[in-house]
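Model, not experiment: these values are computed from the prediction.
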Amino acid sequence: AASAASPFAPSAPSLPPSRLFELLPDGRTVHKEAPPPTGGIAAVAEALERVGLENYVAAFDAEGFDDIEFLLGLDSAERAAVATATGMDAKPGHAGKWVKFGFGEP
């Protein structure tokens, strides 16, 4: 028996689940509950938002990239590995921005 799935149906995004964030149907990521005031994934979320990469917060959390000091210390090769691990490399413009600038301003 062949699968009844339509070849034209859009595929659902396959982001890993997050402890702290929920992915809305429109692609936005929101807090499930108020984040702690400092540190942890909340600090990473704030940094990603500042550089326009907030869509990756849940992926960073799911992959364990929740230490802002660790992430700030990465070189470009290490940031490229993070881009791959979080699925960011599916959008070359986003991955390129992250690899080149990290949390800094372009």
Side-chain touch Thr86/Phe65, heavy atoms, less than 4.5 angstrom: yes
Inter-residue atom distance His94.NE2 - Leu48.CG, 0.5 Å rounding: 11.5 Å
Beyond-backbone contact of Met88 with Phe60, side-chain heavy atoms, under 4.5 angstrom: yes
Shortest non-hydrogen separation from Leu74 to Val82 and the atoms involved: CD1-CG2, 3.7 Å
Separation between CD of Glu22 and CZ of Arg28, rounded to the nearest 0.5 Å: 10.5 Å
Minimum heavy-atom distance Arg79-Lys100, with the two atoms named: NH2-O, 3.6 Å
With Asp66 via salt bridge (Lys or Arg N to Asp or Glu O under 4.0 Å) - residues at least two apart: Arg19
Smallest separation among heavy atoms of Ile41 and Val57, with atom names: CD1-O, 4.2 Å
Gap between atom CG of Leu71 and atom CZ of Phe103 - 0.5 Å precision: 5.0 Å
Beyond-backbone contact of Trp98 with Val51, side-chain heavy atoms, under 4.5 angstrom: no
Residue pairs passing the salt bridge (charged side-chain N to carboxylate O under 4.0 Å, His left out) test where at least one lies in residues 68-78, sequence neighbours excluded: none
